[in-house]
Amino acid sequence: MVQLKVTEQQGIMEKLGILTDAAKYDVACTSSGVDRRGDGKGMGNTIAAGICHSFSADGRCISLLKILFTNECIYDCKYCINRKSNDVPRASFTPEEVCTLTMEFYKRNYIEGLFLSSGILYHPDFTMELIYQTIYKLRNECRFQGYVHVKAIPGADPLLIQKTGYLADRMSVNLELPTAEGLSRLAPNKHRKNILAPMRQIQNGIKVNKNEIVLYKSAPRFVAAGQSTQMIVGATPENDYQLISVAESLYQKFELKRVFYSAFVHVNEDKELPALPGGPPLLREHRLYQADWLLRFYGFAANELLSEDRPNFNILLDPKADWALRHLELFPVEVNRADYRMLLRIPGIGVKSAQRIVRARKNGPLHFEDLKKIGVVLKRALYFITCGGRMMYNTKVEENYITRNLLNVKEKLPFDKEGVTYKQLSLFDDMGFSMPPSPSDGMKTLSGQL
């Protein structure tokens, strides 16, 4: 068993302050993807409602403890605040301390799960062994049955990754940067082959485990909620088309559940890093997430949304509306006859509302008032649909006209573009928000209405 050598005395709360702050650039806003109730012998459970800054069906925002095991690191990635050449406060938990924090925070209803990542301490194998010891203690000694998301360390022994996978609900391996060239320039200690190898191992392990469960229902689950990855946006010069093409390839070749996009934050001074005078490219990150949703749930391909001739998203319009405006020859669409795939491509119609339309029109023709009740956002959809052969208003199907009207709707962005800041919420800070998200807001987040 690996023993962590303590070089100086630090209190657990001091470590918590350092290592929660060090983890804020790891994106983990994800639903759990697994439904597992407690068996009455341990503490906690995992339900598919969601984990970490996500919304459950009743509108609750639920969170997880997001920490690094250590911010010590042998690597010197130019974009990382925890790189070895930076003079920052350093700390390392012990497996017992992570277990104590998780259990005590859970008992106080602060969290419903754990997200555990880490810098590379001494060696990938050494670090992965510590993560495994931690999750093993949490599951078997503390009897914690809640959601656990851990990072697989590239370059670590595959056996350690396999053993950890049987204890975690989700695992992720950060791609870091979209191209091997960018990785070589900004993270010279990391190699694309070492990153993709554990991705493939986890993918194959999930497939094998599904067959085991078919044969033996009591077989332990391996990474039941699947795997994800993260790409930094804006640190290297790749365009949006390259980014979503990489994401599409990852979904197809590695069967990832999620690709996360993290707007580059300028935390280090280095000639290889962009200056970003306007701050982190958060609006670009937002458009990439919208496009990613279209890839996963709406049947779009990357080369439909962008191309080499048109490599970046429209800042003013969401990708779906932008696509529709460039393909007005397909519109307006008669909602009483269009197939499900085409319904999904209409701005203002999401997955849930498209499913409801298909079901409802079996009972008779739909009218605009019916669509509103179903959940269609008519202020966006009215330019692209007909009911019974008629448009809602006398509307011109013309790009400039529709664009002006869509811009008047003033799409609600997830942040104020002016004076935007980059800060991770603490467990005890509501940031002064006086209005919590409503249940309807939570449901819209879950259903992916665009």
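Position 1 is the first residue of the sequence, and the numbers go up from there.
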For this session: Kindly compute the distance separating CD (Gln133) from CD (Glu96), expressed to the nearest 0.5 Å.
Result: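 Between atom CD of Gln133 and atom CD of Glu96 there are 8.0 Å.
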
Exercise. To the nearest 0.5 Å, how far apart are CG in Leu175 and CG in Leu183?
Worked result: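 Between atom CG of Leu175 and atom CG of Leu183 there are 7.5 Å.
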
Could you check whether any side-chain heavy atom of [X] comes within less than 4.5 Å of a side-chain heavy atom of [Y], counting everything from C-beta outward?
| X | Y | answer |
| --- | --- | --- |
| Ile67 | Leu116 | yes |
| Gln355 | Val358 | no |
| Phe115 | Arg170 | no |

Would you check if the side chain of [X] reaches a backbone N or O of [Y] as a donor-acceptor pair within less than 3.5 Å?
| X | Y | result |
| --- | --- | --- |
| Arg83 | Tyr75 | no |
| Asn86 | Ile81 | yes |
| Lys320 | Ile346 | yes |
| Gln230 | Ser262 | no |
| Arg345 | Gly299 | yes |
| His266 | Asn268 | yes |
| Asn239 | Asn312 | no |
| Arg380 | Ile349 | no |
| Arg108 | Glu104 | yes |
| Asp76 | Ser85 | yes |

Exercise. Please walk me through it: do Thr179 and Glu238 pass side chain to side chain donor-acceptor pair (under 3.5 Å)?
Worked result: CA-CA 8 Å; Thr179 63; Glu238 292 85 11; 2.7 Å; yes

Exercise. Asp322 and Arg287: salt bridge (Lys or Arg N to Asp or Glu O under 4.0 Å), yes or no, with the steps?
Worked result: CA-CA 11 Å; Asp322 190 47; Arg287 294 292 181 228; over 6 Å; no

Exercise. Taking the six-membered ring for Trp, are Tyr147 and His149 parallel (under 30°), tilted (30 to 60°) or perpendicular (over 60°)?
Worked result: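 Tyr147 and His149: perpendicular rings.
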
Problem set entry | Listed partners of Phe254 passing ring-ring contact (aromatic ring centres under 6.0 Å, His included), at least two apart | none

For this session: Please report the closest heavy-atom contact between Phe313 and Leu306, naming both atoms and the distance.
Result: CZ-CD1, 3.5 Å

For this session: With sequence neighbours excluded, give me every side-chain hydrogen bond (donor to acceptor under 3.5 Å, both in side chains) pair touching residues 270-281.
Result: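 Non-adjacent pairs meeting side-chain hydrogen bond (donor to acceptor under 3.5 Å, both in side chains): Arg185-Glu272.
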
With a 3.5 Å cut-off and sequence neighbours excluded, list the donor-acceptor pairs that the side chains of residues 243-252 form with protein atoms.
from	atom 1	to	atom 2	distance (Å)
Ser245	OG	Tyr241	O	2.7
Glu248	OE2	Ala302	N	2.9
Tyr251	OH	Val259	N	2.9
Tyr251	OH	Asp292	OD1	2.8
Tyr251	OH	Asp292	OD2	2.8

